[in-house]
Amino acid sequence: MAVAQEKEILCKEWLKKPKKLLIDGKWVDAKSGKSFKTYNPATEEVLAEIPEAGKEDVDAAVKAARIAFEDGRFHRKMTAAQRAHCLYKLADLIEKHADELAQLETLDNGKPISEARWVDVAATVETFRYYAGWATKLEGETINANNNFFTYTLREPIGVVGQIIPWNFPMLMMAWKWGPALACGNSVVLKPAEQTPLSALRIGELALEAGIPAGVVNIVTGFGENSAGEFLANHDDVDKIAFTGEDKTGQIIVKASAKTLKRVSLELGGKAPNIVFADADIDAAVKGAITGIFFNQGQVCCAGSRLFLEKQVHDEFMTKLLERVGRMRQGPGLDEKTQIGPQVSKEQQERVLSYVEIAKKEGAKLACGGSTPEDLKKGYFVKPTIFTGVKNDMRIAQEEVFGPVLAVIPFENMNDVAEQANKTRFGLSGAVWTRDVKKAHKFASHIKAGTIWVNCYNVFDPAVPFGGYKQSGYGRELGKHSIELYSNIKSVWVNIAD
Ligand code: NAI
Ligand code: MG
């Protein structure tokens with residue numbers, strides 16, 4: 001197996017360095033001295049010991065962010081072009097260390113190295129560049145409301161922003177959150193996921209090297225409940241929380257925001273319908289179904305986890321799908337040939353396997369997978385799994401599994417699938433495969449979700465907004481919409497009457 005040898009691990013020396021919290025531009029220990037371990041999910045080995053931030057550490061980080069914001073070191077004392085330059089520099093540094101960062105992400109999360117390189121790192125670089133461009137393009141407006149007044153608006157940063165991110169795309173979620181927040185001139189306290197804190201710490205180092213001033217970006221590693229995440233979400237001096245993760249956690253964060261009426265933006269789960277009509281390019285749709293559910297081991301909020309197949313093509317589609325899935329190479333992410341790696345943690349592996357049992361009990365038919373691979377003794381692997389004969393009201397079709405488990409639901413006609421597709425509490429994304437332009441646009445408009453892919457799946461660009469309808473959350477990340485999440489509008493009236 002072509003797994004990178006020890007000596008080829010570019011972050012080997014960095015991994016050995018003691019890990020610290022980033023507060024006020026300095027790397028510091030957690031005040032309690034407590035720590036936790038982060039694991040390589042392909043080998044179950046400990047990668048590093050990570051400081052566990054407690055309440056005092058979160059307080060210190062918020063205080064540093066507040067001071068940095070109030071003295072205006074990143075938004076008033078710097079020009080927008082200087083701020084942009086910091087973000088461009090950060091993107092350049094990430095690009096310069098691309099191979100090292102890709103390995104780090106694969107080691108911590110488990111994802112195939114090819115994806116870490118061409119998706120995670122590349123998209124992180126592009127996201128920082130995209131928002132660097134925005135820093136110099138933030139504008140207010142003049143409004144001709146009343147000739148006795150000169151009236152204009154200012155677009156101002158919000159202040160101290162808490163950002164709580166998940167483990168499925170650690171580095172990229174950091175870029176989605178830091179990019180727009182920093183372009184607008186906010187100060188940030190980031191809480192990475194406890195399963196995958198490493199890339200955030202490395203990018204924190206690069207952020208300082210890029211010239212982002214002390215206190216503007218702070219990183220507190222730790223847990224969620226009754227830990228750093230909760231302390232940040234409850235902090236009275238945080239002006240906004242941006243969160244990506246489980247819907248239940250989203251509810252807790254909204255409740256915590258009520259006391260000081262913090263701004264909140266949420267990107268939560270999904271149960272996307274991926275609809276294939278009989279008139280589609282079936283081979284393309286088969287590939288799309290695979291990307292839709294198996295990319296990143298199914299740990300994707302917009303995963304196409306409900307595959308709706310029109311009855312006439314059901315059997316042909318399934319034959320082709322099973323043939324291709326049977327050829328997928330599962331193994332450690334560092335192996336260049338790996339197409340599907342391990343789940344991020346033992347907890348997630350167990351969660352996914354528990355849904356296999358639930359689906360079986362509900363009467364769905366296991367077409368492939370459904371267990372751990374026989375040849376991989378170590379690591380949190382789950383074989384690519386497909387259930388056929390699923391009914392849309394089964395738990396396997398309604399609850400977010402967040403693993404490589406596809407629920408295939410046959411449908412009769414347009415009306416039938418139109419109704420079922422929207423029968424979910426989620427609304428993050430959906431896809432439709434058809435050669436009929438009318439049908440495509442009809443469905444794009446009909447499906448209640450924030451992103452619709454027509455004859456494609458999982459396509460992203462920093463310029464295109466992403467976010468949820470219904471219980472998939474609120475607020476749109478990426479594009480100019482994310483600027484709205486991180487800025488305030490102020491109206492100024494100047495009396496010019498004679
Ligand atoms: P989670 O929502 O608990 O964790 C996400 C982040 O929130 C982490 O940084 C965590 O430390 C933090 N957090 C947890 N509880 C918190 C609290 N009470 N206050 C403040 N912060 C808190 O998600 P988890 O437990 O890792 O995964 C469970 C399920 O959530 C997954 O199986 C999946 O279905 C869903 N999920 C969805 C994601 C998405 O991209 N929409 C990402 C990760 C998980
Ligand atoms: Mg949780």
Side-chain angles (χ1 to χ4, degrees), residues 36 38 41 50 52-55 58 108-109 111 120 162-170 172-174 176-177 189-200 219-235 238 241-257 262 264-272 295-303 305 343-355 380 382 395-396 398-405 424-429 449-451 458 460 466-468 470-475 477:
F36 62 99
T38 186
I50 307 293
E52 182 183 337
K55 189 158 185 324
V58 171
D108 214 11
N109 166 281
K111 61 180 68 206
D120 299 74
Q163 303 182 320
I164 301 172
I165 58 171
W167 41 262
N168 52 344
F169 296 93
L172 187 57
M173 290 302 102
M174 179 177 186
W176 283 24
K177 302 258 179 305
V189 179
L190 177 83
K191 210 295 280 173
E194 54 271 34
Q195 297 84 351
T196 56
L198 292 174
S199 53
I219 303 174
V220 286
T221 47
F223 295 86
E225 196 180 351
N226 199 25
S227 180
E230 193 176 310
F231 303 140
L232 190 57
N234 278 286
H235 205 292
V238 168
I241 291 282
F243 171 74
T244 300
E246 189 172 18
D247 52 343
K248 285 196 204 84
T249 316
Q251 292 169 4
I252 294 170
I253 282 170
V254 170
K255 278 191 195 138
S257 73
K262 282 184 192 66
V264 178
S265 52
L266 303 167
E267 200 261 88
L268 311 172
K271 200 72 202 179
F295 171 58
N296 211 37
Q297 296 66 247
Q299 302 165 146
V300 184
C301 45
C302 54
S305 49
Q343 306 312 118
V344 74
S345 63
K346 179 136 200 73
E347 191 186 348
Q348 282 302 122
Q349 181 196 37
E350 283 168 359
R351 179 190 163 110
V352 174
L353 292 172
S354 79
Y355 271 103
Y380 311 128
V382 177
R395 283 181 65 190
I396 195 70
Q398 289 296 318
E399 296 172 21
E400 190 174 46
V401 177
F402 228 59
V405 180
T424 162
R425 67 195 168 88
F426 294 114
L428 193 58
S429 61
T451 293
N458 277 342
F460 280 88
F466 183 78
K470 300 197 273 185
Q471 292 180 38
S472 290
Y474 41 75
E477 297 193 283

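Start at 1 and go down the list; that is how both ligands and their atoms are numbered. Note that the structure is a prediction, hence the values are computed from the model and not measured. Numbering starts at 1 and runs along the sequence shown. All values below were derived from every heavy atom in this structure, side-chain atoms included, with hydrogens, water molecules and symmetry-related copies excluded.
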Which bit of Leu268 gets closer than 4.0 Å to ligand 1, counting heavy atoms only: side chain, backbone, both or neither? backbone

Any donor and acceptor pair, going by atom type alone, linking the side chain of Lys262 with main-chain N or O of His235 inside 3.5 Å? yes

Checking contacts here: is it the side chain or the backbone of Phe243 that comes within 4.0 Å of ligand 1, counting heavy atoms only? Could be both or neither. side chain

Where's the contact between Ile165 and ligand 1, heavy-atom distance under 4.0 Å: side chain, backbone, both or neither? backbone

Can you name the one residue among Gln297, Gln343, Arg351 that meets side-chain contact (heavy atoms from CB on, under 4.5 Å) with Val382? Gln343

Least distance between heavy atoms, Phe243 atom then Ile253 atom: CD1-CD1, 3.3 Å

Closer than 4.0 Å to some heavy atom of Lys191 - which atoms of ligand 1 meet that? 8 (C), 9 (O), 10 (C), 11 (O)

Once you restrict to heavy atoms under 4.0 Å, what part of Arg351 touches ligand 1? Side chain, backbone, both or neither. side chain

Does Lys111 reach the side chain of Asn168, with side-chain heavy atoms less than 4.5 Å apart? no

Nearest protein heavy-atom contact for atom 34 (O) of ligand 1: which residue, which atom, what distance? Glu400 OE1, 2.8 Å

Between Gln251, Glu246, Glu399, which one has a non-hydrogen atom sitting closest to atom 30 (O) of ligand 1? Glu246

Answer side chain, backbone, both or neither: which part of Gln299 comes under 4.0 Å from ligand 1, heavy atoms only. neither

Taking the minimum heavy-atom distance to atom 42 (C) of ligand 1, which of Gly229, Pro166, Ser345, Gly162 ranks first? Pro166

Under 4.0 Å to a heavy atom of Thr249 - the qualifying atoms of ligand 1, by number: 1 (P), 2 (O), 3 (O), 13 (N), 14 (C), 15 (N), 16 (C), 17 (C), 22 (C)

Under 4.0 Å from atom 4 (O) of ligand 1, do we find at least one protein heavy atom? no

Ligand 1 to Phe223, heavy atom cutoff 4.0 Å, flagged ligand atoms 11 (O)

Provide the closest heavy-atom pair for Thr424 versus Gln398 in the form atom of the first, atom of the second, distance. CA-OE1, 3.7 Å

Can you sort out which atoms of ligand 1 are near Cys301, meaning under 4.0 Å from one of its heavy atoms? 39 (C), 40 (O), 41 (N)

Return yes or no for this condition: an N or O of Gly224 is under 3.5 Å from an N or O of ligand 1. yes

Would you mind running through ligand 1 and noting each atom that sits below 4.0 Å from a heavy atom of Glu267? 41 (N)

Taking a cutoff of less than 4.0 Å between a non-hydrogen atom of the residue and any ligand atom, is Gln348 in contact with ligand 1? yes

Test your reading of the model: is there a side-chain donor-acceptor pair from Lys191 to the backbone of Gly162, 3.5 Å cut-off? no

Tell me whether Phe169 reaches ligand 1 (any heavy atom closer than 4.0 angstrom to a ligand atom). no

Do Trp176 and Phe466 come within less than 4.5 Å of each other through their side chains, counting heavy atoms only? yes

